[in-house]
Each structure stands twice: as structure tokens, then as C-alpha cells.
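Structure, as C-alpha cells:
Hydrogens, waters and symmetry mates play no part in the numbers below; they use all other heavy atoms, side chains included. Labels below follow one simple rule: chain letters A, B, ... track the order of the sequence lines, proteins then strands, and each chain is numbered from 1.
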Number of protein chains: 2
Amino acid sequence: MVKIRLNSSSIYVFKNPTLEKAIEIISEAVDKKEVLIIVGNCRVKYTGRASSKLELGERILIIKRDGAFLIHRPGGYQPVNWMSGKDTIYHLELIGRKEMLLSMNNAKKTSFENRLEDPPKKNVLQIQAIQRSPPELVRVFFDQIHLLSTLNLEDTGRFSLYASEEDMKKAILLKPDLIEKGFKVVSYEKRTDTGFVDVYGADEQGRFVIVEIKRKTAGRAAMLQLAKYRKSVEMEVNRDIRCVLAAPKIARGTQRLLATLNLEFKRLDPKRCAAILNDEQTQRARISDFI
Amino acid sequence: MVKIRLNSSSIYVFKNPTLEKAIEIISEAVDKKEVLIIVGNCRVKYTGRASSKLELGERILIIKRDGAFLIHRPGGYQPVNWMSGKDTIYHLELIGRKEMLLSMNNAKKTSFENRLEDPPKKNVLQIQAIQRSPPELVRVFFDQIHLLSTLNLEDTGRFSLYASEEDMKKAILLKPDLIEKGFKVVSYEKRTDTGFVDVYGADEQGRFVIVEIKRKTAGRAAMLQLAKYRKSVEMEVNRDIRCVLAAPKIARGTQRLLATLNLEFKRLDPKRCAAILNDEQTQRARISDFI
DNA sequence: GAGTGGATTTCGCAT
DNA sequence: ATGCGAAGTCCACTC
């Protein structure tokens, strides 16, 4: 086992640590809320909202400083097993191989102990990630650890996501003209008895307008939903209302439905919304970009 | 820079490699479809279905052998940026710091070149992950790499997930009595003009039964959907049909709707389904567990 | 390629 | 806590 301390951040790398050494390092890292990367040969068992079993193989386990827990196989975007990290607590233990197999099969320990002749060799490292609510348990059984690294990462960088549906709404609030000249926002995310209206406003002539926003092609569902909103809002305010569907485009073959339901379509490009938010917000951000 | 070859699998670890060395190692690893772990100080820019920007900080980048690409911050369950790995290609480049900032701000290279006095120093490693469809691009700009590891992982272990809705369906196919005594499965996932019926069968008296399965509490939506299925199936077979909603429980306040729509509720515990699948399937699996 | 439905969905925000 | 809607949802599947 070789321990290397990297000079930059507090990054330690351990090559082929014994399981005894590994349990020590991992315990300390979890306590100190450091990020852990563990590469090794393991089995995984999960019980909770569903249950799963993953047989022996080499994987990457990441435990983050907030407790988030990810087991990644060598391929695929998603972790094969995980824990969100909210209220996740950890329990580490060295156990015997037979104990592990019994544990994986949920057999009772007593029946095992009855059959046991020699005390078990402690040759498997069990990592339990436990969550209270919803009750979930992931157990990883490492029989070999190839690589173990503890990381103290500094990451305060701001993350900004542009042109989500949320951002499109913000852009409309900033520039109501995106809907049409003279449009005024009255409120947004107005609750109706059937759901939400994205934006609620008035046009130049003072008529009520409800706006439904879609980031992507607006389809039949969005139109029917908007029509339903119209109904419930008209019941409330007791007058006619204009309905605008704001989206990059409408689905093929829905033109007629749009007309039938007396809805209006306003082309609204998510990227343009992103650009508007950029213009408004990034004057200061741009400076920090060049630091 | 220290290079360590671990004796077990083909695992290499590089401590504080220069960016020149790193680009070499990463290129080779991506070509050979090895798993890569890169820890370093970076910025990230994403454009595609949406767009995002992540400012400077220390993160973990994982590139898997199928091209899956994940950038993880020190906290949080989800990757902050990612690429699924389907048709993802990679482009690596050493660029100057100013070039990077201009690239991150989408400025035109020409305007940059006009302002440029000295040729830029190549002191940032850019990793581009590019996807064709939907068109997406993630760019990571490392100005320092703390830790770089290439992994050749062996992972053929089978993964089994129990008690998903799919498994509940399988359990019913194995033990139709779960629905009721004498129930017989005719087919499953039968297509109708409005959607799918989970299971389609006949009761003891030979009446048609359609079964809708929910892993979780069945609500209003499931009931309306099932009622819709009934209609379209009745149109087809031209006779009355029984509708059974199989779920662990129904939502509060939906009892009346259930009656109104003339649906029946059958309590079906996902865990019990999992146990049944276990009984049927794990006789052999248990043996392999003890290897 | 587009469309549909499920997911250990996750992640918000509302009540 | 619960419930609803959105997500760069992902994913498998059908058309």
C-alpha cells in the first residue's frame, strides 16, 4: 500500500490498501465530510422503494461530502445504485465472506452461526449507506480495493442554467413585449382549480390574457390544458379571456385544434429568452469571467 | 508528475500531470475506451437543449468506456453537467487562457485576434464532448489537473431490480391468483388505440378482465385511464368487461370515483411480487451467491 | 426519427 | 409530510 499526498489541495491517493487500512481512511473521510473515490471489486445490495442486487464486478464508488453516494459501472450515464445524500448516514464494517453472502441473501444470522465452525475471516469491507425517509439501504461489499482517494475539493463556482421553462417565464416578466406589444404582466403561476397558469396579464386593450409557456414544441396536451385553464379563469373573472400559447413551435397537425379551442400561438425561442436574461444579468457576470 | 501502475487491473494514476501530459493520457484512454477519472480545477460550458455555465472550481470528471461523461461537484447526487454517451465524440485541445474566456463567452475569434498582441500561452486543457442528436456540446476547461486515473475495469456482474411495475406484471403472469382465484392471463401489454393495458385476461366465469398495475398508490389518473381503456376494449370485443386496478392502495378520496367508474380494486404489494419472483427465480441464483 | 409511459425518477414549490 | 409539475429529465419501446 502506497500513500501519496498531493501538494495542491488535500488530496490523498492510496494504492491497493488493505481492507483494514481502507476502513480507517474511509471512516475518517466520511467524518470529515471529504469526497471519497473508491475503485474496487464489489457486490451491491439495495432495499428501499424497490430492491436490487448487483453481482461481483469492478466499479467506482463516490461518496460526496454531503453524503451523496454513487456507484458507477464502467459504462452508462446513470449510477447503478445510489443514495441522494439527504440524511444519509454511513456504517462501515469488516465482515467474513460467508457473513456477507448470508447478509446478501437476507438469511438470519443465527442460522449462519449454527452452521459456523470457525470464526469467519474478516475479508470483506461492507459500506452501508442508510437513509431514514424514505427508508432506504444500500450495502456495498468490497473484497478488494484497487484505488482509494480522499479529496478536499474547493468549489464555490456559480452554476447558471439558461432557457429552462422557468427562465422563459422570467424573460417574459422582464420583457413582456416578447408576448406582444403592450402586454402587461399581472401575475404569474396563478393557481386555478385545475392547475397553474404560467403568466397572467393584460393586453393593450385591457383584455385579460393567460399565457402558457412550453420550452419545446407545444402539443395537443398543452392546448387542452390551456383551454381548461381558460374555462376555470373565465368562471372566476366572469369575462372573455385571450389564451396565448408561447413556445418555439407547435406540433404538426395541431393547427386545427389551436383554432378550434380559440387559442393564439406566439413563437418564443428559448435561446432568445436566455439571451435576454444574459443581457439583463451578465453585465456584472462578464467581469468575473475575465478574472 | 508521478505515474503509478497498479498491479491488479490495468489502473494508472497520475499525480499533478502537466496539461501536455494529461492530453496525451486522456486521448489514449478515450481511444482505448478505458474509464477515466479526472480531478482538477475547471470551468464548464454547455449548449444544447438548454445552455449552462459553471464557473471555476474543483470537480471530478468521469468519462466512461462507452463515452458517458459526468462532471460531479463535491456535493449533490446529480452531475452538474453530463453527456449520455450515445454517439458522444471527444475533442481535446490545449488553448490559451484568453482563448478559453472568449470561447466561454461565445465571442468571435476574429475580435479576439484583433485585440491579441502576443500569441496565447497554451495553458488550459479543453475537453469537448459532442453529441449529434439531439445536438449537444459540453466543454470543460481545466487549468490544473490534480489527479488523473485511467481504469480498465472488469464488470460483468448481473444487475437485478425487483418489484418494479414490470416485475409486478411478471409476478401476475407467474401467479394469476394474485388478482383473484381462477383468473387467467390472456395477454399483456395489449395495445389499444388509446394506450396500453397492463394485463388482459379472463375470470372464472369467462368474463374479460383488464388489469392496470401501479407500483404505488393508484390515483384519479390511473382510474380515468383504466376507464378509458375499458371503453376502447369494449368497442373492440363488443361485450362487457371487468376492470381491476392492482396497486398497493388507492389514494384518499378516490373511493367514490372507483365506484362511479365501475372499477374494482385489488390490493397488490410490490414486495410480495418481488418475493414471488425470488421464489421462482433465485433457486439457482442462490447457488451463485455462495461462490 | 418521433411519440409514449415508467422511474429507487430527482428537484422544486405549493399546501 | 404530501402532492403536483417540470426536467438538458433518462430509458426502453413502438410506430
Side-chain angles (χ1 to χ4, degrees), chain A residues 44-54 68-69 71 76-86 129 131-138 159-169 189-192 194-198 212-217 219-222 225 251-253 270-271 274, chain B residues 44 46-52 68-71 76-86 129 131-138 159-169 189 191-198 212-217 219-222 225 251-253 270-271 274:
Chain A
V44 188
K45 192 111 202 240
Y46 154 72
T47 56
R49 287 167 292 185
S51 53
S52 73
K53 188 164 66 169
L54 176 61
F69 174 99
I71 298 168
Y77 152 74
Q78 280 189 319
V80 61
N81 284 108
W82 70 92
M83 206 70 111
S84 75
K86 311 234 178 194
Q131 201 175 23
R132 195 70 55 87
S133 168
E136 303 220 88
L137 169 64
V138 178
F159 176 70
S160 349
L161 177 66
Y162 304 107
S164 62
E165 187 169 333
E166 185 62 20
D167 286 319
M168 291 175 73
K169 191 168 64 194
E189 275 193 345
K190 189 82 181 171
R191 199 154 193 30
T192 71
T194 50
F196 285 89
V197 174
D198 286 322
E212 169 81 15
I213 301 167
K214 289 290 162 204
R215 270 194 81 262
K216 297 191 288 191
T217 306
R220 201 166 294 274
Q225 190 181 32
R252 273 193 301 100
K271 293 216 170 154
Chain B
V44 187
Y46 153 72
T47 55
R49 286 166 293 185
S51 53
S52 72
F69 174 100
L70 307 164
I71 298 168
Y77 152 73
Q78 281 190 322
V80 61
N81 283 107
W82 70 92
M83 207 69 111
S84 76
K86 311 239 177 191
Q131 201 175 28
R132 195 68 57 86
S133 166
E136 303 221 86
L137 169 63
V138 178
F159 177 70
S160 349
L161 177 66
Y162 306 108
S164 61
E165 188 169 338
E166 184 64 20
D167 285 319
M168 291 175 73
K169 191 168 64 194
E189 272 191 349
R191 198 153 192 31
T192 71
D193 55 355
T194 48
F196 285 89
V197 174
D198 287 320
E212 170 83 14
I213 302 167
K214 290 290 162 205
R215 268 194 83 262
K216 299 191 288 191
T217 306
R220 200 167 294 274
Q225 189 181 32
R252 271 193 306 101
K271 293 218 170 153

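- C:dG6 and C:dT10 have their C1' atoms separated by 14 Å, given to the nearest Å.
- Mapped onto DNA chain C by nearest heavy atom, B:Ile213 and A:Lys86 fall at different nucleotides, with B:Ile213 at the one closer to the 5' end.
- With DNA chain D read from its 5' end, the first of the two nearest nucleotides for A:Gly76 and A:Ser133 is the one closest to A:Ser133.
- In this entry the distance linking CG of A:Leu54 with P of C:dT8 reads 14 Å, nearest Å.
- Put simply, A:Lys214 has a side-chain N or O that comes within less than 4.0 Å of OP1 or OP2 on D:dA6.
- The shortest non-hydrogen separation linking B:Arg49 to B:Glu136 is NH2-OE2, 2.8 Å.
- Of the inter-residue distances, the one linking B:Phe159 atom CZ with A:Leu54 atom CG reads 6.5 Å to the nearest 0.5 angstrom.
- Here A:Tyr46 contributes atom OH and A:Met83 contributes atom CE; the two are 8.0 Å apart, rounded to the nearest 0.5 Å.
- For the side-chain contact (heavy atoms from CB on, under 4.5 Å) test, no residue two or more places apart in sequence or in another chain qualifies with A:Gln78.
- With P as the reference atom, C:dC11 and D:dC11 are 16 Å apart, rounded to whole Å.
- Rounded to whole Å, the distance from NZ on A:Lys45 to P on C:dT8 is 17 Å.
- Smallest separation of non-hydrogen atoms from A:Ala68 and A:Ser84: CB-O, 3.6 Å.
- Of all heavy-atom pairs between A:Val138 and A:Phe69, the closest is CG1-CE2, 3.5 Å.
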Report, one pair per line, the protein and nucleotides 7-10 of chain D atoms (nitrogen or oxygen only) whose separation is under 3.5 Å.
{"from": "D:dA7", "atom 1": "OP1", "to": "A:Glu165", "atom 2": "N", "distance (Å)": "2.8"}
{"from": "D:dA7", "atom 1": "OP2", "to": "A:Glu165", "atom 2": "OE1", "distance (Å)": "3.3"}
{"from": "D:dG8", "atom 1": "N9", "to": "B:Tyr46", "atom 2": "OH", "distance (Å)": "3.4"}
{"from": "D:dG8", "atom 1": "O6", "to": "B:Asn81", "atom 2": "ND2", "distance (Å)": "3.0"}
{"from": "D:dG8", "atom 1": "O6", "to": "B:Trp82", "atom 2": "N", "distance (Å)": "3.0"}
{"from": "D:dG8", "atom 1": "N1", "to": "B:Trp82", "atom 2": "O", "distance (Å)": "2.7"}
{"from": "D:dG8", "atom 1": "N2", "to": "B:Trp82", "atom 2": "O", "distance (Å)": "3.2"}
{"from": "D:dG8", "atom 1": "N2", "to": "B:Glu136", "atom 2": "OE2", "distance (Å)": "2.9"}
{"from": "D:dG8", "atom 1": "N3", "to": "B:Tyr46", "atom 2": "OH", "distance (Å)": "3.3"}
{"from": "D:dG8", "atom 1": "N3", "to": "B:Arg49", "atom 2": "NH2", "distance (Å)": "3.1"}
{"from": "D:dT9", "atom 1": "OP1", "to": "A:Lys216", "atom 2": "NZ", "distance (Å)": "3.2"}
{"from": "D:dC10", "atom 1": "OP1", "to": "B:Arg49", "atom 2": "NH2", "distance (Å)": "2.9"}
{"from": "D:dC10", "atom 1": "OP1", "to": "B:Trp82", "atom 2": "NE1", "distance (Å)": "3.3"}
{"from": "D:dC10", "atom 1": "OP2", "to": "B:Arg49", "atom 2": "NH1", "distance (Å)": "2.7"}

